[in-house]
**Student:** 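This is the structure, below, for whatever I ask next.
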Amino acid sequence: MVRSHHVSDSRCFPNSFPVRMNRIFGKGKPKGPPPNLTDCINTVDSRSESIDKKVARLDAELVKYKDQMKKMREGPSKNMVKQKAMRVLKQKRMYEGQRDQLMQQSFNMEQTNYTIQNLKDTKTTVDAMKVGAKEMKAAYKHIKIDKIEDLQDQLEDMMEDANDLLFDDDSSYLDDASSAPSIPEGLPGDKSTSRDGVLVDEFGLPQIPAT
């Protein structure tokens with residue numbers, strides 16, 4: 001007698017079990033983005049502003065009860081108003097405590113957010129410096145130090161040649177100036193000679209001998 005083996009649905013359809021579980025318990029909601037500090041700060045600040053409005057409303061009630069008690073005589077009616085004022089004052093202090101806690105939370109998150117932003121800015125600066133260093137290395141590969149030194153030597157030689165040329169021109173100019181006839185001394189009409197022994201007239205020009 002041959003026994004028939006029963007094969008379970010889970011083996012034939014391995015994905016059917018999660019489907020049945022989802023039908024029974026429901027499918028979980030997809031996870032949203034992680035909380036953002038800026039959004040959290042805005043939410044806390046909004047709650048703090050809402051509490052400020054409640055505190056302002058309670059302050060107005062306290063002023064009203066205070067004015068009523070000033071006009072009332074001692075007695076049950078005044079005591080009743082005083083109890084209402086005490087209850088409002090208690091609520092106001094409770095709201096003020098909650099507001100202080102929210103303000104402290106907002107301050108802490110702002111400091112954390114500020115620190116995170118500074119770290120991001122530092123990382124951005126470091127990344128930019130790395131890129132700059134990489135570009136500088138790539139640029140240095142195209143620069144030949146030997147050629148730069150040779151070019152500097154050539155420029156120095158050219159400057160020396162130019163200086164020598166200027167010095168030669170100055171020397172020739174001085175030589176020409178020294179060879180010119182000297183300025184005559186004395187009154188016009190006097191015959192004199194230059195320092196070179198040449199007979200010159202009153203204007204210092206060489207005289208032409210009379211024929």
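Side-chain atoms are counted along with the backbone in the values below, which use heavy atoms only and exclude waters and symmetry mates.
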**Student:** Do Met72 and Val63 sit in the same hydrophobic cluster, where Ile, Leu, Val, Met, Phe, Trp and Tyr count as joined when their side-chain heavy atoms come under 4.5 Å apart?
**Tutor:** no
**Student:** In Å and rounded to the nearest 0.5 Å, what is the CG to CD distance from Leu62 to Gln91?
**Tutor:**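 So the CG of Leu62 and the CD of Gln91 are separated by 9.5 Å.
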**Student:** Using a strict 4.0 Å threshold on nitrogen-to-oxygen distance, state whether Lys71 and Asp67 make a salt bridge.
**Tutor:**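 No, this pair does not count.
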**Student:** Any chance you could measure Gln105, atom CD, to Asp45, atom CG, to the nearest 0.5 Å?
**Tutor:** 10.5 Å
**Student:** Just how far is it from atom OG of Ser48 to atom CD of Gln101, taken to the nearest 0.5 Å?
**Tutor:**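 Rounded to the nearest 0.5 Å, the OG-CD separation comes out at 11.5 Å.
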**Student:** Given the rule in the side-chain hydrogen bond (donor to acceptor under 3.5 Å, both in side chains) test, do Gln104 and Asp100 qualify, once you have shown the distances and angles that lead to the verdict?
**Tutor:** CA-CA 6 Å; Gln104 185 63 40; Asp100 292 341; over 6 Å; no
**Student:** Side chains of Met129 and Thr125: does their closest heavy-atom pair fall under 4.5 Å?
**Tutor:**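 With C-beta onward as the side chain, the pair touches.
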**Student:** Would you say Arg99 has more than 12 foreign heavy atoms packed within less than 6.0 Å of its CZ?
**Tutor:** yes
**Student:** For Ser106 and Leu102, indicate whether the former's side chain and the latter's backbone hold a donor-acceptor pair under 3.5 Å.
**Tutor:** no
**Student:** Heavy-atom distance under 4.5 Å between the side chains of Val131 and Glu135, does that happen here?
**Tutor:** yes
**Student:** Kindly say whether Met109 contributes a backbone atom to a donor-acceptor pair with the side chain of Asn113 at under 3.5 angstrom?
**Tutor:** no
**Student:** Answer yes or no: is there a side-chain heavy-atom contact under 4.5 Å between Gln98 and Tyr95?
**Tutor:** yes
**Student:** Would you indicate whether Met103, at its atom CE, is surrounded by more than 12 heavy atoms from other residues, nucleotides or ligands within a distance under 6.0 Å?
**Tutor:**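 No, not enclosed.
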**Student:** Nearest 0.5 angstrom please: Arg93 CZ to Leu58 CG, how far?
**Tutor:**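 Arg93 CZ to Leu58 CG: 12.5 Å, rounded to 0.5 Å.
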**Student:** Compare all side-chain heavy atoms of Arg73 with those of Lys78 and state whether any distance is below 4.5 angstrom.
**Tutor:** no
**Student:** As an exercise, state the distance from OG1 of Thr43 to CZ of Arg47, rounded to the nearest 0.5 Å.
**Tutor:** 8.5 Å
**Student:** For Gln117 and Asp121: C-alpha separation, side-chain torsions, deciding distance, then whether side-chain hydrogen bond (donor to acceptor under 3.5 Å, both in side chains) applies.
**Tutor:** CA-CA 6 Å; Gln117 188 61 44; Asp121 293 341; 3.2 Å; yes
**Student:** Assigning hydrophobic clusters by single linkage (Ile, Leu, Val, Met, Phe, Trp, Tyr; side-chain heavy-atom cutoff under 4.5 Å), is Val88 placed with Met94?
**Tutor:** yes
**Student:** Go through Glu49 and Lys53 one step at a time and tell me if the salt bridge (charged side-chain N to carboxylate O under 4.0 Å, His left out) criterion holds.
**Tutor:** CA-CA 6 Å; Glu49 292 176 359; Lys53 294 179 181 179; over 6 Å; no
**Student:** Atom OH in Tyr65, atom CG in Leu89: separation rounded to 0.5 Å?
**Tutor:**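 Result: 12.5 Å between the selected atoms.
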